[in-house]
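Heads up, the thing below is written out as structure tokens.
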Amino acid sequence: MTQDSSYGPTRRYAKSVGITATGQYYPERIVDNHELSKMVDTSNEWIVSRTGIHERRWVEPGVGSSDLGAKALEMALERRGLKADDLDAIVACTVTPDMLFPCTAALIQTKSGASRAYGFDLNAACSSFIFGLSTAAGLVSSGACKRVAVVGCDVMTSIADKKDRNTIVLFGDGAGAAIVEEVEEGLGILDFEHRLDGRGAPFLYMPAGGSLKPATAETVAANEHCIHQHGQEVYKNAVRDMAEISRVMLDRNGVDPKDLKLFVPHQANNRIMEAAAKRLELPLERMANNIAYYANTTSATIPTALHQSLEKGMVKKGDYVVFAAFGAGFSWGGMLLKWAY
Ligand code: UT7
């Protein structure tokens, strides 16, 4: 089944729902390009020129996505002046759950002490965080929940082959969190659009360890529990779809790109991000960009890049903000917000 490339009308929630606080957490260990060039046949020059990445964070053994996620959530709750008990639900967005089950949301729930919360994991690869945000907003808008935490957390080093120069240089570990609640009328999430196209599956995937090809000694020996990526195919689709879906967000809501205060793209490659910003005719100063220091943290790129932009004062109440993501699936999505605080 192919994808319908047309986009329909604005998707609106019944109530005004938005992000009311953010948080982030990274492990302490910094791995720069020079250290990596001692591990695989690469160079600082190649990595910087092809990706814009200078360094990334790696967890120590024994640390899982839930550990990073719980710490990011703790910061978001603190910023909002809430206790973990105030949460009704936790949506854990991750491609690297601590285990296949129980869900990482359950582990975050216990680590953060959110005694009233239910929750679940959501995996749409690099689009997980914005798919999670729209899901959380639906729960709040329907009245099913008052406060939902969306936590993007990934330990990409658990699935990146440390001997494969094609992938190990690209990824890092980290977590970002957002609290989703009802906000002042007219503010918050104005629109979103999400897409999947499974024809992209062979270009970015982990072949073994799931139900189709359960783990065996052979699959482990063949490194089939690691990321396999056809970089160029992903690259060209990412530029086209992130730019197009962001443009749809602006056009169908009558927002002039000049009035967009912050563009937060998925941080996979600086060249992809800059190409998408160029297609939107957006000055680079208005693009959230943390890839140089943290690389691609999958579900955590958008919430951490957002958090850091908010800390720098790049956005104030009432400003237009666009999120755009692209990842395995293929999955991609955009979201337009009028900043709520
Ligand atoms: O978050 C999920 C979504 N993922 C993405 O958005 C990633 C999208 N793709 C990309 O960012 C880029 O395609 C890469 C950064 C992965 C690769 O950049 P590229 O400019 O497309 O390089 P390439 O794949 O065309 O490879 C060029 C050469 C190859 O050598 P040959 O075959 O030309 O001799 C690679 O083997 O670069 C080689 N290469 C490396 N050389 C040094 C690949 N990785 C490395 C490396 N160091 N780390």
Side-chain angles (χ1 to χ4, degrees), residues 31-56 93-96 123-131 152-174 176 195-206 226-246 264-277 279 287-292 294-305 323-333:
V31 177
D32 67 15
N33 294 343
H34 301 287
E35 185 174 345
L36 278 183
S37 52
K38 291 180 197 140
M39 297 168 62
V40 290
D41 181 16
T42 190
S43 64
N44 180 52
E45 195 279 326
W46 192 96
I47 303 171
V48 172
S49 65
R50 299 289 178 125
T51 70
I53 300 166
H54 290 254
E55 59 191 44
R56 71 287 290 142
C93 306
T94 184
V95 297
T96 53
N123 175 359
C126 301
S127 305
S128 301
F129 184 77
I130 60 173
F131 287 18
C153 47
D154 268 304
V155 174
M156 294 307 291
T157 50
S158 66
I159 57 167
D161 179 353
K162 293 204 168 76
K163 296 195 184 77
D164 177 14
R165 72 175 184 177
N166 289 295
T167 51
I168 191 62
V169 304
L170 305 175
F171 294 96
D173 304 333
R195 288 294 168 101
L196 285 174
D197 186 345
R199 290 173 302 168
F203 300 112
L204 181 49
Y205 73 127
M206 192 173 104
C226 295
I227 304 161
H228 289 240
Q229 173 169 248
H230 188 303
Q232 284 179 3
E233 197 62 33
V234 180
Y235 187 103
K236 67 175 191 248
N237 282 280
V239 172
R240 187 197 60 221
D241 291 333
M242 284 211 296
E244 188 180 270
I245 213 155
S246 303
V264 190
H266 169 53
Q267 318 270 308
N269 182 325
N270 197 47
R271 284 154 60 212
I272 296 178
M273 291 152 55
E274 290 196 355
R279 287 187 188 198
M287 179 172 79
N289 191 340
N290 67 11
I291 191 159
Y294 302 108
N296 182 351
T297 54
T298 302
S299 311
T301 65
I302 290 180
T304 55
F323 301 156
F326 185 91
F330 292 137
S331 63
W332 67 104

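Whatever order the structure lists them in is the order used to number ligands and atoms, beginning at 1. Quick note: numbers below take in every heavy atom, side chains included, and nothing from hydrogens, waters or symmetry partners.
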Practice task
Please lay out, stage by stage, how N269 and T51 fare under the test side chain to side chain donor-acceptor pair (under 3.5 Å).
Solution key: CA-CA 5 Å; N269 182 325; T51 70; 5.7 Å; no
Problem - side chain to side chain donor-acceptor pair (under 3.5 Å) evaluation trace for D154 with T96 - result: CA-CA 5 Å; D154 268 304; T96 53; 2.5 Å; yes
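Applying the ring-ring contact (aromatic ring centres under 6.0 Å, His included) rule to F131 yields the partners H194; only residues at least two apart in sequence or on another chain are considered. Evaluation of the ring-ring contact (aromatic ring centres under 6.0 Å, His included) rule for F323 yields no partner, not counting sequence neighbours.
Sorted by first and then second residue, the pairs that involve residues 38-49 and meet salt bridge (charged side-chain N to carboxylate O under 4.0 Å, His left out), not counting sequence neighbours, are D41-R165.
Ligand 1 is surrounded by D41, T42, W46, R50, T51, C126, R165, N166, V169, L170, L204, Q229, G231, Q232, V234, Y235, H266, A268, N269, R271, I272, N296, each with at least one heavy atom closer than 4.0 Å.
N270 contributes atom CG, which lies 9.0 Å from atom CD1 of I53 (distance to the nearest 0.5 angstrom).
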